[in-house]
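Source: prediction; values computed, not measured.
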Amino acid sequence: MAEEIRRCAAVAEQLDVLAVRGLGIVGLNDSLLRSALMKRTDPLRARILLLDPDCDAAAQRAAEIRESTPTFAAGVRLAVARLEEFAGTTANLDLEVHLYDRLPIWRIIRLDRWAWVSCFDAQWEGHESTVYQITQTPAGSLWAGYRRQFEDLYAHARRVI
């Protein structure tokens, strides 16, 4: 599945990511999408939503995964710092990073008409969750629901990059 996501990232016009820290998706050098995005020559609009490290939901999520709140928050801040560095080195990337303050439920990677979705729960880390691929269809209620969730969080999130 990772290779398919990278292939789509190489040609997509729009990337939306809803994550908690996003380190494994785009924050770190060896993350899922970073190398694919660095190789692009065509423009890409990327909107990344990460959990606000200072909100109550961050403390709750840290407790759920048995991590200290300061360590958890530091991970989000690291992702933001790494994305800020990344934004300055990739000319064809129109990157926005926003922080949301709601309890994380979904992890979403959307590239144009494809989305990969997994769930956060109190019993497991997000990367341990099963990932489902959803394709946009005219009457696709799951697609519409995930897109609506993303757009609502985006509309109420605080832009940091």
Run the numbers on D54 and R77 for side-chain contact (heavy atoms from CB on, under 4.5 Å), then give the verdict. CA-CA 10 Å; D54 299 316; R77 288 185 183 96; 2.4 Å; yes
Salt bridge (Lys or Arg N to Asp or Glu O under 4.0 Å) against [X], all qualifying residues, sequence neighbours excluded:
X	answer
R158	D52
R113	none
E151	R47, R147
E13	none

With R159 via side-chain contact (heavy atoms from CB on, under 4.5 Å) - residues at least two apart: E96, H98
Side chain of S129, backbone of C119: donor and acceptor closer than 3.5 Å? yes
Test ring pair (Phe, Tyr, Trp, His ring centres under 6.0 Å) applied to F150 - qualifying residues, sequence neighbours left out: none
By ring pair (Phe, Tyr, Trp, His ring centres under 6.0 Å) - contacts of Y146 (at least two apart): W106
Return the set of residues passing side-chain hydrogen bond (donor to acceptor under 3.5 Å, both in side chains) with [X] (not counting sequence neighbours), or none when no residue passes.
X	value
D112	none
T71	S68
E85	R82

CG of D16 to CD1 of I109, rounded to nearest 0.5 Å, is 11.0 Å
Check E3 with R6, please: is the shortest side-chain N to carboxylate O separation under 4.0 Å? yes
Not counting sequence neighbours, list each pair that qualifies as a salt bridge (charged side-chain N to carboxylate O under 4.0 Å, His left out) and has a residue in residues 98-107. none
Test side-chain contact (heavy atoms from CB on, under 4.5 Å) on E4 and W116; report intermediate values, then the result. CA-CA 10 Å; E4 183 176 359; W116 292 266; 4.3 Å; yes
Can you confirm whether N29 sits close enough to F86 that some side-chain heavy atom of one is under 4.5 Å from a side-chain heavy atom of the other? no
Show your working on side-chain contact (heavy atoms from CB on, under 4.5 Å) between L50 and L83 and close with a plain yes or no. CA-CA 11 Å; L50 303 175; L83 288 166; 4.1 Å; yes
What do the steps show when you test V117 against L142 for side-chain contact (heavy atoms from CB on, under 4.5 Å), and what is the final call? CA-CA 10 Å; V117 181; L142 289 176; over 6 Å; no
So which residues get pulled into L103's cluster when ILVMFWY side chains under 4.5 Å apart are joined, directly or through others? none
